[in-house]
Amino acid sequence: MKTAEIRRRWLEFFASKQHTVVPSASLISEDPSLLFTVAGMVPFIPYMSGLVPAPYPRATSVQKCIRTLDIEEVGKTTRHGTFFQMNGNFSFGDYFKREAISYAWEFLTSPQAKGGLELNPELLWVTVYKDDDEAIELWREIADIPMARIQRLGMKDNFWSTGQPGPAGPCSEIYYDRGPEYGIEGGPEADDNRYIEIWNLVFMQYERGKGLGKDDFEILGELPKKNIDTGMGLERVAFLMQGVENLYEIDEVRPVLDLAAQLANKTYGALVEDDVRLRVVADHIRSALMLIGDGVSPGNDGRGYVLRRLLRRSIRAMRLMGVNEPVIGKLITVSKDAMKDSYPELEADFKRIITSAVAEEEAFLRTLTSGSLVLDQAIADVKSSKGSILGGESAFLLHDTYGFPIDLTLEIAEEAGLSVDRDGFTSLMTEQRDRAKADAREKKLGGTDLSVYSAFRALGTTKFTGYEELESDGKVLGLVHDGQSVKVLSHGSVGEIILDTTSLYAESGGQAADAGTIRGEGFELEVLDVQKPVKGLVSHKVLVRSGEVSVNSKAVTAVDEDWRLGACQAHSATHVLHAALRQVLGPSALQSGSYNKPGYLRLDFAWNQALSIETKSELEEVSNLAIRRDLAVSSNLMSQAEAKEFGAVALFGETYDELVRVIQIGGPWSRELCGGTHVSRSSQIGLLSLGAEASVGSGARRIEAFVGMEAFRSLTLERSLVARLTDLAKVPAAALEEKLQQTFEELRNVQKRLALIEQQALQGRIPAWVASAKVIGGQKVAVADLGIVDGADVLRTIGAGLRAELGEASVSIVSALLADKPAVLVAVGSAAIARGVKAGALVKLASAVLGGGGGGKDDMAQGGGTDSSKLSLAIEAIEKALA
RNA sequence: GGGGACUUAGCUCAGUUGGUAGAGCACCUGCUUUGCAAGCAGGGGGUCAGGGGUUCGACCCCCCUAGUCUCCA
C-alpha cells in the first residue's frame, strides 16, 4: 500500500469518527524556541494545556515533522529519519482511554476493503504504564490481546510529560512483530528492532507539579478535562506494509535512493558503507525538499543552517561515492515526484525550490574547491617536514573556517599517504560546541521568564479594538514590575500593564508599536512600548505620569492620532512597495521581513543583486502611481485556504492563525496576509521616496523608503543639496555630473604635475648639495634639507638621487618637515656599507635626538620625531658617529 | 546567539621582526607575424573594504563598522 494511501485512509477513518481534519501545520514552528515542528501534537499544544479553548472537541492530522537531533544516525538504522510524517488523533476533553484504544485497534486490524490497514492482530503487541490497570483491562476487552503480548513498562518509557508543570499522563504503545529473523523473542521490552513501535497513545489525565526531568516529579491530581494525543509514524507503518526493510525504501523515498545509486554507479545492498551513504542522500534530500517547500532558505544560522547541513551532507555523501558533478537538481526533482501526491503544493512551487537547492549546491562546490587548495597546501607542508600525520588543528581549521567536511579530509589525506589526528579534531570540535552551549545557557538565564505572562494568558486573550477605534474602555487585569506580578504601580515607576481590551497596536508583522496614553480614575500612563510576549496577550510598557494604577481599575487606552496615521501610511506603503517590487523585478522578489514606523519603512526581499538607479526610479514611479490612483484599501477575514485561493501573498517564516486577515489595495493589485493597521485609500499615503538599498546576506536585500511628509522632507533635502552644489560648481544641475567628473580629473592631473614639478625642483638642487658634501671618516657625506614636503617618498627619491651622484663611498642625509614633524632619511652607498656604515643605525641615532624612533635597511632607512627644533642637532649626531 | 577566516590593480591572487605595494591575465601604444595562436618592447591602472587608535612611520599591530565565506548552538 502506498504511503499516500495510508495517509488518505487515516484521515478518512478519523473523519468518519467525527474528527475535524486539520491540515498539516508548517514545518516552521510557531514557538520561537523550537526550530521546527517536531511532533504531530505541536500545533495542538495550546488546546492541550487548556490555555486556549479548542475550536473542536476532536481532531486528526497528518503532520510534517523534522528532527535533526540524531542526524549522525541517519542511514545506519532502520528508524532514524530527519523528515517524517506523524498521523495523530486528538481529543480535547472529549473521548478518553476507551475510545482511543478502540479506534486504534479498529484502524489497524479492520479489513482493507472497509478502510482499515488489515494488519495481522497476532503480530501486534502493546505496552502500558506499569500502574495503568485500566488500560490493560481495555486492551483485553476491546482487542482481546492475550496477557502474553501486553507488557508493563515504567515511568521512563510509558509516562508522558513535557518536563515542566502541566498536563501529564500514562501512555500505551502499539508494536508490530517483524518476526524471528529480526531479533530475539520477548516483546518490545526485549528487542525494539524486531518489535517496531508504530503508534503511541498518550492519556493526559494528570496535572504534574514541579520536579526535574521526565521521571522525578509529583502528581498534583486529575485534570478537569482529560485529553487524548496519539502519534502513529506514517513511514514506519509504510515500510512494514510495503514489505521493505526500513523507511528509506518506502515509495516516497526509494526513488531518490535508486537515482543516487545510478548516478554513483553503485548497487544498493552491495557494500554497507555505500548503503549508508545512499540512505543519507535519500533522507536528506526529501527533508531539504520539504523545508524549502515551507519557505526555509539555506543560511548560516537557525533553520537555514539545518537545511544547509542537509544539502551539504547529501553532496558530501555523493562525493564519497565518487560523484563530483552537480546532482541536487536531479535528486530533488525525483523526490518531489515521489512526494507530490500528498503535497501537491510542491509541484506548484517547484521552480523556487529547485533554484534555491541548486544555488546552495553551487555555493558548496565553490567552498569545496577553495578548501581543497588549503588542504593540498597543508598536506604538502606535512610532507615537506617529513611528517605522516595531518594535525587536528589543520583538520579543524578546514572544517570550521573553510567548511571542508572532515570525512573528505580523511579520505584525501589517506590518498596522500597521511593519517589524520582525529582525537585532536574531535576535542577542538567539542570545545567549540561547549562554547556555543555555554553561551546559549547564559542567554536563557538572562532572558525573560514568560511564566508571568502565561498566567495572564490563561485568563483569556486581549481584545484588540484598534482597527475600529482609537480609544477604548478596558479593565486592568494585571501589572508587572521587574518581571513579577504586582498589585500597584506608583507614580514615576516604569512597569507593564495588561488589559482585557486595548486600542493600542502591539509590535508585530513589522509594524512598530503604537504611541499613546492609558488613563483612568486618578492615574495617567504614558505608553512606551506595546508587545505580545505570548500569543494572544498584549502587554503595555508604561511610565506612570501621575497617580497610581492598581489591578481591577478601569482604564481608557488612547492611541496618539498623528502617530497612528503615520503608522498606517508606512504600513500601507510597505505593501505598495512590495507589490511594486514584484511587479518590476518579478514575483520571486518576495518580502522576507519588514519594519515600519511613522515616516519610515524598511523591507527585506529575496533578490541577489544590487538594484540599478533606473530600477529604483521605476519602483518609485510604480509605487507613487498606485498611491496617486487613490486605490481602495480593504481588509477581510477568511480561512487560510480561501486566502490562498484568493492569491494573497503569505510571508515565509511567518505563522498564521486559521482565520487570516487579508489586506487588499486596489483589489488584486496587492493582496497580502497582514494583521497591521492601514489607511483606507492609497492616496492617504501621500508620497513614497526610496532611501538606501543594500545586501543583508546572500540572496537577500534590504530597501528603505520614506513615507508621507518624511518622503517630502527627504526629497527637499536632496533638492537643496543639489542647489548648493550647482551654486558651488557654477553650472546648471544637468551639467553637474559632467562638471564634477571633469574637475576630479583635472585635479588629479594637476596634483600629479605638481608632484612632478616639486620633485624636479628638489632634484635640481642635488648638484648644490653634492658640491657642499664633506668628507667625513673616509666617505663623502651630503646633507640636504628639503624644508616642508607632503610625503615621505620625496625623501626617498632625493636620498637615492644624492647617492647616485656621490658614488658608492657615500652617506646621504636628507631631512624635511612632514607637516610639523621632523623626518630624516639616510642613504648609504655599497662601499660605505662594506666598511660597516649602516643606514638603520644612523637613523636611530638621529631620531632619538628628535624624540622618536626609526629604522630600515642597511642601504636606506628613515625615521623621525616630534621636536623639529633639534633637527640640526640630529644631523650633527650622525656626522659625529661617522667621524 | 557564539566563534573562525577573508576584503590589495578590471579579474585571480602574492606581499613578516611595521620602513620604496607586486605577479599572472586583461587593457593601451609600438614592433614582429600571410592569417590564427602568440611573441618582443614600453605604458596606463591602487583612498591596500570604511572609520578610529598605537607609532617618527601602518597593507602589516589594536579597536569599531560593513560585506563575503564558514563552523557550532
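The basis for the numbers below is simple: all heavy atoms, side chains too, and nothing from hydrogens, waters or symmetry mates. A, B, ... follow the sequence lines: proteins, then strands. Residue 1 opens every chain. Every value quoted in this text rests on a predicted model; they were computed, and no experiment measured them.
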Separation of the P atoms in B:rC48 and B:rC60, to the nearest angstrom: 10 Å
What does the list of N/O pairs under 3.5 Å between the protein and nucleotides 16-25 of chain B look like, with a distance for each?
from, atom 1, to, atom 2, distance (Å)
B:rG19, O6, A:G854, O, 3.3
B:rG19, O6, A:G855, N, 2.9
B:rG19, N1, A:Q862, O, 3.3
B:rG19, N2, A:Q862, O, 3.4
B:rU20, O4', A:R796, NE, 2.6

Would you indicate, yes or no, if B:rC69 has its OP1 or OP2 atom less than 4.0 angstrom from a side-chain nitrogen or oxygen of A:R308? no
If you assign each of A:L818 and A:R435 to its closest nucleotide in RNA chain B, which residue comes earlier from the 5' end? A:R435
With P as the reference atom in both, quote the distance from B:rA9 to B:rU32 in angstrom, rounded to an integer. 35 Å
Using side chain to side chain donor-acceptor pair (under 3.5 Å), reason through A:Q531 and A:S539 one step at a time and then give a plain yes or no. CA-CA 5 Å; A:Q531 293 289 333; A:S539 170; over 6 Å; no
Listed partners of A:N596 passing side-chain hydrogen bond (donor to acceptor under 3.5 Å, both in side chains), at least two apart: none
Tell me if the CD atom of A:E414 is crowded by more than 12 foreign heavy atoms within 6.0 Å. no
Between P on B:rC13 and CD on A:Q377, what's the gap in Å once rounded to a whole number? 15 Å
Atom pair distance, as rounded to whole Å: NE2 in A:H399 and C1' in B:rU70: 9 Å
With a 4.0 Å cut-off on heavy atoms, is A:T367 in touch with a base, just the backbone sugar-phosphate, or nothing at all? sugar-phosphate
Give me, pair by pair, the N or O atoms of the protein and of nucleotides 4-9 of chain B that are less than 3.5 Å apart, along with how far apart they are.
from, atom 1, to, atom 2, distance (Å)
B:rG4, O2', A:T401, OG1, 2.8
B:rG4, N2, A:T401, O, 3.0

Please give, in whole Å, the distance from B:rG1 C1' to A:L35 CG? 12 Å
Determine which bases of RNA chain B form Watson-Crick or G-U wobble pairs with both distances under 3.5 Å, and write the result as a 5' to 3' dot-bracket string with | for other-strand partners. (((((((..((((.....[..)))).(((((.......))))).....(((((..]....)))))))))))).
Sorted by chain and number, sequence neighbours left out, salt bridge (charged side-chain N to carboxylate O under 4.0 Å, His left out) with A:E879 holds for A:K774
Checking A:E393 now: which residues fulfil salt bridge (charged side-chain N to carboxylate O under 4.0 Å, His left out) with it, not counting sequence neighbours? none
Taking NZ, NE, NH1 and NH2 as the nitrogens, is one of them in A:E72 or A:R313 under 4.0 Å from a carboxylate oxygen of the other? yes
Partner residues of A:K870 under the salt bridge (charged side-chain N to carboxylate O under 4.0 Å, His left out) criterion, sequence neighbours left out: A:D867
Measuring from the side chain of A:K437 (C-beta onward, heavy atoms only), which nucleotide among B:rA73, B:rG3, B:rU70 has the closest atom? B:rA73
Of B:rC71, B:rC56, B:rG1, the nucleotide closest to the side chain of A:K821 is B:rC56
Pick the C1' atom in B:rU8 and in B:rA21, then give their distance to the nearest Å. 8 Å
Using the P atom on both, measure B:rG51 against B:rA66 and round to a whole Å. 15 Å
Find the distance A:D867:CG to B:rU55:C1' and express it as a whole number of Å. 17 Å
Could you tell me the separation between the CG atom of A:L368 and the P atom of B:rC71, rounded to a whole number of Å? 10 Å
Roughly how far apart, to the nearest Å, are B:rG24 and B:rG3 at atom C1'? 36 Å
By side-chain hydrogen bond (donor to acceptor under 3.5 Å, both in side chains), which residues pair with A:R312, not counting sequence neighbours? A:E360
Taking only the side-chain nitrogens and oxygens of A:R312, find out if one of them lies under 4.0 Å from OP1 or OP2 of B:rC71. yes
Are OP1 or OP2 of B:rA73 and a side-chain N or O of A:R433 less than 4.0 angstrom apart? yes
With sequence neighbours left out, the residues meeting salt bridge (charged side-chain N to carboxylate O under 4.0 Å, His left out) with A:D381 are none
Atom P, compared across B:rU47 and B:rC59: separation rounded to whole Å: 13 Å
What distance, rounded to whole Å, do you find between the two P atoms, one in B:rU29 and one in B:rU20? 35 Å
Nearest whole angstrom, please: distance from the P of B:rC13 to the CG of A:L373. 9 Å
What residues, two or more places apart in sequence or in another chain, satisfy side-chain hydrogen bond (donor to acceptor under 3.5 Å, both in side chains) together with A:H80? A:D70, A:T77
Distance in angstrom units between A:D820 CG and B:rC56 P, rounded: 13 Å
By the side chain to side chain donor-acceptor pair (under 3.5 Å) test, which pairs, at least two apart or in different chains, include something from residues 838-862 of chain A? none
With sequence neighbours left out, the residues meeting ring-ring contact (aromatic ring centres under 6.0 Å, His included) with A:F425 are A:H399
How far, in whole Å, is B:rC63 from B:rG45 if one measures between their P atoms? 36 Å
Would you please say whether a donor-acceptor pair under 3.5 Å links the side chains of A:S830 and A:E808? yes
How long is the line joining CZ of A:R309 and P of B:rC71, in whole Å? 9 Å
